[in-house]
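Working notes, structure below.
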Amino acid sequence: MQVKFGRETASDAPAAALLLGWYDRHARALPWRVSPAAFRRGARPDPYRVWLSEVMLQQTTVAAVKSYFERFTSRWPSVEALAQAPADEVMAAWAGLGYYARARNLHACAKAVAAEHGGRFPRTAEGLKRLPGIGDYTGAAIAAIAFGERVAVVDGNVERVVSRLHAIEIPLPKSRPAIRAHVDAMTPASRPGDFAQAMMDLGATICTPRRPACAICPVRPLCTAQAKNEQDRFPVKLPKRAKPARRGAAFVAVRRSDGAVWLRRRPEAGMLGGMAEPPTTGWSAKGDGATGAEAAPFPAAWAHRGVVSHGFTHFDLALDVWHAVVDETGETMDGWWSPPGRIGTEALPTLMRRAIALATERDGKPA
DNA sequence: CATGCGTGGAT
DNA sequence: TATCCAAGCAT
């Protein structure tokens, strides 16, 4: 359908009212959230917790975020505390959550808020978006939820919900301007944060990507796609490109005396930037790295222990894992020995943890 | 504006 | 097993 930008579609305001009513009854209880009832009593969420949760939730599920959120807020209860934390501790605490540029930006953002804003987050989406790691979505979400700004909050859930409500045939991402116009028309001046969370809850629990639960949807009477029983066809998306298959190798050297593993730090920019790894070959989305023992960082009795398969966003990696027990080496290279008691606290991405686990397991069990 | 950037769960 | 994809951002 055509959207008249800047003008309300007839169904937008009624849909918003239905959604808020539904949220009052069915809002999910989440650690960073203030319930609708508490909100009515005057409670407001802590901007620090809202910000932290929104950054963690970028392209990441609620289930995956919860334990990380608890650990971060227990360890760093305020933005000032996080700002003062050493960078490597923040990266290590983020290890396993993915998209590691988020962790670097998170720390940079905390420092900026502490140093340049007196420890207080800007209260508008526009001001928030000037901070590292905060873009259109996150800035709007924090401003609406934590500060009550009436601003359109558009994430993947909202795109799906609105695409169905209006049976938008233009494929994403081209349809984004039209979707944004609808969301802006829907967003109420009162409780814009609850409205945003209501849209996201609806998308996460009812208006799901597959098999949406239209039977219990509060906005079903206003949904164009459902009226045609074509909800599964929306949102229309452009086809994706196939992921290339890439190869590489990891070399897990274990010190004979204490079982320590030799690790190094990856460059700040690019894949797994700033994270720890056992030495690996030059694999990337663009090309393969060497896979054989001749590519090892130093001579040793390297034994092939298997292959770890790992899917990245843009390519699938098959990483050959080599293992060697060494008496002593590497001290002249950049890196460090990580003893068994410390390996769990290193900033190791999941891929690298799996490679180390494969290299060091015995008879199918962890060493 | 297209591309690069993780991971785990659901189907 | 293969595929999709989840509260996006930076460049």
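Naming convention: chains lettered A, B, ... in sequence-line order (proteins, then strands); numbering from 1 in each chain.
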Open item on the list: Taking ring-ring contact (aromatic ring centres under 6.0 Å, His included) as the cut-off, I'd like each qualifying pair that reaches into residues 110-162 of chain A, sequence neighbours left out, listed once.
Closed with: A/Trp51-A/Phe121
- [ ] Take A/Pro132 and A/Asp155, find for each the nucleotide of DNA chain C with the closest heavy atom, and name the residue whose nucleotide sits nearer the 5' end.
- [x] A/Asp155
TODO: Using atom CE of A/Met271 as one end and atom P of C/dT11 as the other, report the distance to the nearest whole Å.
DONE: 17 Å
Open item on the list: Once salt bridge (charged side-chain N to carboxylate O under 4.0 Å, His left out) is applied, what residue pairs with a partner in residues 55-78 of chain A remain, sequence neighbours excluded?
Closed with: A/Arg75-A/Glu89
- [ ] Assess the side chains of A/Arg102 and A/Gln58: does a donor N or O sit below 3.5 Å from an acceptor N or O?
- [x] no
Just distance, no hydrogens or angles: give the donor-acceptor pairs under 3.5 Å from side chains in residues 285-304 of chain A, sequence neighbours left out.
{"unit_1": "A/Asp288", "atom_1": "OD1", "unit_2": "A/Arg247", "atom_2": "N", "d": "2.7"}
{"unit_1": "A/Trp302", "atom_1": "NE1", "unit_2": "A/Phe298", "atom_2": "O", "d": "2.9"}
{"unit_1": "A/His304", "atom_1": "NE2", "unit_2": "A/Gly306", "atom_2": "O", "d": "3.4"}
{"unit_1": "A/His304", "atom_1": "NE2", "unit_2": "A/Asp320", "atom_2": "OD2", "d": "2.7"}

- [ ] Kindly write out the residues that satisfy salt bridge (charged side-chain N to carboxylate O under 4.0 Å, His left out) with A/Arg40, not counting sequence neighbours, or none if the list is empty.
- [x] A/Asp24
- [ ] Consider only side-chain heavy atoms of I, L, V, M, F, W and Y, link residues closer than 4.5 Å, and tell whether A/Val153 and A/Val62 are in one cluster.
- [x] no
Task: Contacts of A/Arg120 that satisfy salt bridge (charged side-chain N to carboxylate O under 4.0 Å, His left out) - sequence neighbours left out - done: none
TODO: Have a look at A/Leu106 and say if it touches a base, only the backbone sugar-phosphate, or nothing, with a 4.0 Å heavy-atom cut-off.
DONE: nothing
Task: Range on DNA chain B touched by chain A, heavy atoms, distance below 4.0 Å - done: B/dT3 to B/dG8
TODO: Grab the CG-C1' distance between A/Asn105 and C/dT11 for me, whole Å please.
DONE: 12 Å
Check residues 205-223 of chain A and write down every donor-acceptor pair under 3.5 Å in which the side-chain atom is one partner and the other belongs to a residue at least two apart or another chain.
{"unit_1": "A/Thr205", "atom_1": "OG1", "unit_2": "A/Asp201", "atom_2": "O", "d": "2.8"}
{"unit_1": "A/Thr208", "atom_1": "OG1", "unit_2": "A/Arg210", "atom_2": "O", "d": "3.0"}

Open item on the list: By the 4.0 Å heavy-atom rule, please label A/Trp32 as base, sugar-phosphate, or nothing.
Closed with: base
- [ ] Check side chain to side chain contact (heavy atoms under 4.5 Å, CB included) between A/Thr345 and all other residues, then give those that pass, not counting sequence neighbours.
- [x] A/Arg342
Pairs under 3.5 angstrom, nitrogen or oxygen only, protein versus nucleotides 1-5 of chain C, please.
none

- [ ] Mind running a 4.0 Å heavy-atom check of residues 49-66 of chain A against DNA chain B and sending the residues that fall below it, in number order?
- [x] A/Gln59, A/Thr60
TODO: Scan residues 54-91 of chain A for pairs that pass ring-ring contact (aromatic ring centres under 6.0 Å, His included), counting only residues two or more places apart or in two chains.
DONE: A/Trp32-A/Phe69, A/Phe72-A/Trp76, A/Phe72-A/Trp94
Task: Of residues 136-147 of chain A, the positions that come close to DNA chain C - non-hydrogen atoms, cut-off under 4.0 Å - done: A/Asp136, A/Tyr137, A/Thr138
